[in-house]
Participant: 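I have a structure here, written as C-alpha cells, and I will follow up with some questions on it.
Atom set for the values below is all heavy atoms of this structure, side chains included, hydrogens, waters and symmetry mates excluded. Throughout, protein chains are lettered first and strands after them, A, B, ... in sequence-line order, and every chain is numbered starting at 1.
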Protein chains: 2
Amino acid sequence: MRRKLTPRGRERRDQLMECGARLFAERGYHPTSVADVVAALGVGKGVFYWYFASKEELLTELLKASNHDLRKRQQQAIGEEADPVRRIELGIRASLAWFAEHREYFAIIQFAATDETFAPVLARNREIAIADTIRHLKDGIVDGRIADRDPALLAHAIHGVVAELTRHSLVEGNLPLDEVADLCVAFCLEGLAG
Amino acid sequence: MRRKLTPRGRERRDQLMECGARLFAERGYHPTSVADVVAALGVGKGVFYWYFASKEELLTELLKASNHDLRKRQQQAIGEEADPVRRIELGIRASLAWFAEHREYFAIIQFAATDETFAPVLARNREIAIADTIRHLKDGIVDGRIADRDPALLAHAIHGVVAELTRHSLVEGNLPLDEVADLCVAFCLEGLAG
DNA sequence: GCCGCACTTGACCGCGCGGTCAACATTCTC
DNA sequence: GAGAATGTTGACCGCGCGGTCAAGTGCGGC
C-alpha cells in the first residue's frame with residue numbers, strides 16, 4: 001500500500017474498487033478471495049497489496065466511498081427546501097434513486113452491517129443519516145404536521161421502509177423507480193390508511 | 001450425520017444448535033468455525049459431524065427451526081380474528097414479541113439473507129410471510145379500510161419497518177417491547193401524519 | 001544514458017479451515 | 001452377557017485462503 005499515486009495508479013485503484021464491489025455484491029465478501037479480484041482484472045496479486053493494505057481495507061474504502069456519494073446526493077436533493085415534511089420526502093426519493101443507480105452496493109452494505117469488523121463503520125454512517133432525519137421530524141412535530149412520537153423510532157421506521165423497498169423492488173425486482181418512490185413516500189406519510 | 005436419534009442424541013443435537021446459534025449471532029457465520037462450536041460444548045469434533053452433515057446444514061436447520069417457531073407464534077396471535085387491519089396489527093406485534101425473546105436469531109437471519117448459499121431458504125420464508133400479509137391487505141382494501149395501492153409493496157414496507165425497529169430498538173437498543181410495538185403499529189397504519 | 005521511483009509479477013508461506021476416520025465407549029436388545 | 005446400534009474421540013488431511021517479497025519492468029526527469 002502506497003500513499004503517492006500517479007494518474008495511472010489512481011486508475012488502477014479505481015479498477016480494483018470497482019472490481020471488488022462487483023464481486024462482493026455477486027458472491028459476498030468472504031467467498032470472494034483477493035485472488036478472484038486480481039484474476040478478474042488479469043493482474044498479479046501484488047497489485048492488490050500495492051494499493052490496499054488488506055482485503056478488509058478494500059471493503060472499508062468501498063463503504064466510505066458509497067456513503068459519501070449517497071449523502072452528497074441526498075443533500076443536493078434537499079437543497080434549501082424549507083418544509084420539513086417535504087425535506088423528508090426528498091430525502092427518501094434521493095435514497096431510492098441513488099440505490100437504483102448503484103444496486104451493487106446494496107448487498108455489500110447489507111453484509112457489512114452483519115459483520116463484526118465492518119458494523120462500526122456502517123453504524124456510524126447510519127447514525128448520521130438517522131440524525132438528519134430526526135432533525136426534519138422534530139421540525140415537523142413542532143409545526144404540528146407530524147404526530148408527536150419518538151422521532152428516533154420514526155426515523156428508523158422510515159429507513160426500514162426505504163431499505164426493504166430498495167431491496168425488494170429495485171435490487172431484486174426491477175420496478176419503475178417513480179412508482180416505488182411514490183408508494184414509499186405515501187406509506188411513510190400516511191401509512192396503510194392513506 | 002445419523003437419522004435415528006435416541007433422547008440422549010436429540011439433546012446433543014439441540015445443544016449443538018443452541019451453541020451454534022449463540023456463536024453465529026455473536027461472531028458471525030464465517031468467522032465461527034466448527035471447532036469453536038464443539039469447543040464451546042467441550043466435546044470432540046466428530047460429535048458435530050455425527051449430528052450434522054456440514055456447517056452449512058447447521059445454519060440451514062437453525063433458519064428452518066426459527067422460521068417455524070416465528071410462524072407458529074404469528075398464527076397463534078392472529079387466531080380467528082376477523083378484522084384484516086387488526087390481523088395485520090396482531091401479526092406485527094407477534095413478530096416483535098418473538099424477536100424480543102429470540103434476539104440472537106436476528107443477526108443470523110440478517111446474515112443468511114446476504115449469503116448466496118442461504119438466501120434461497122430465507123427468500124422462501126419471507127415470501128410466505130409476505131403472502132400472508134398480502135392476504136390481509138387485500139381484505140382490507142376490499143373493505144375500504146386500506147388505501148388501494150400495490151399490496152405486495154405495502155407488505156414489504158410493513159416488513160421493513162418491523163425489521164428495522166427490531167434491529168434498532170430490540171436487538172441493539174433494549175426498549176420496552178410494548179412501546180416499540182405501539183409505535184410500529186401506529187406508523188404502519190397511519191404513517192407520520194398519525 | 002541512466003538513475004530512481006512507481007508499479008507489477010507470481011511463486012511462496014503459514015495457517016486454520018471444513019471435513020474424515022479408525023478406534024473406542026456406552027447403551028440398548030434379546 | 002453377547003452383539004448391534006448409537007454416540008464419541010482427536011489426530012489427521014488437503015486445500016485455499018490472506019498476505020509476503022525478491023526480482024523485474026517501464027517511464028519521467030535530469
Participant: Would you call A:Arg124 and A:Glu127 a salt bridge, using N to O less than 4.0 angstrom?
Facilitator: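 Salt bridge between A:Arg124 and A:Glu127, a charged N being under 4.0 Å from a carboxylate O: no.
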Participant: Once salt bridge (Lys or Arg N to Asp or Glu O under 4.0 Å) is applied, what residue pairs with a partner in residues 96-108 of chain B remain, sequence neighbours excluded?
Facilitator: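 Only B:Arg73-B:Glu101 qualify under salt bridge (Lys or Arg N to Asp or Glu O under 4.0 Å).
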Participant: Any side-chain heavy atom of A:Val34 within less than 4.5 Å of one from A:Phe52?
Facilitator: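 When only atoms from C-beta onward are counted, A:Phe52 and A:Val34 do not touch, as no gap falls below 4.5 Å.
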Participant: Looking only at side-chain N and O atoms, does B:Trp50 come under 4.0 Å of OP1 or OP2 in D:dT8?
Facilitator: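 Answer no for this pair, as no side-chain N or O of B:Trp50 is under 4.0 Å from OP1 or OP2.
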Participant: Using only side-chain N and O atoms of B:Thr6, determine if any of them is under 4.0 Å from OP1 or OP2 of D:dG7.
Facilitator: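 For D:dG7, OP1 or OP2 has a side-chain N or O of B:Thr6 closer than 4.0 Å.
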Participant: Taking only side-chain nitrogens and oxygens of A:Arg12, does any of them come within less than 4.0 Å of OP1 or OP2 of C:dT8?
Facilitator: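 So the side chain of A:Arg12 is within the cut-off, an N or O lying under 4.0 Å from OP1 or OP2 of C:dT8.
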Participant: For a quick check, with a 4.0 angstrom heavy-atom cut-off, what is the B/S/- contact string for nucleotides 14-20 of chain D, read 5' to 3'?
Facilitator: ---SBBB
Participant: Do the side-chain N or O atoms of B:Arg8 get closer than 4.0 angstrom to the phosphate oxygens (OP1, OP2) of C:dC28?
Facilitator: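 It does not, given that no N or O in the side chain of B:Arg8 lies less than 4.0 Å from OP1 or OP2 of C:dC28.
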Participant: When B:Phe111 is tested against each of B:Ile108, B:Ile109, B:Asp115 for side-chain contact (heavy atoms from CB on, under 4.5 Å), which residue passes?
Facilitator: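 With B:Phe111 as partner, B:Ile108, B:Ile109, B:Asp115 yield a single side-chain contact (heavy atoms from CB on, under 4.5 Å), made by B:Asp115.
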Participant: Please give, in whole Å, the distance from C:dC5 P to A:Leu5 CG?
Facilitator: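 For the pair A:Leu5 CG and C:dC5 P, the rounded distance is 16 Å.
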Participant: Thinking salt bridges, do B:Arg8 and B:Glu11 make one under a 4.0 Å N-O criterion?
Facilitator: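 B:Glu11 and B:Arg8: not salt-bridged.
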Participant: Once you round it to whole Å, what is the distance between P of D:dT8 and CZ of B:Arg13?
Facilitator: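 Roughly 14 Å, once rounded to whole Å.
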Participant: Hey, is B:Asp182 close enough to B:Arg93 for a salt bridge, meaning N to O under 4.0 Å?
Facilitator: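 B:Arg93 and B:Asp182: salt-bridged.
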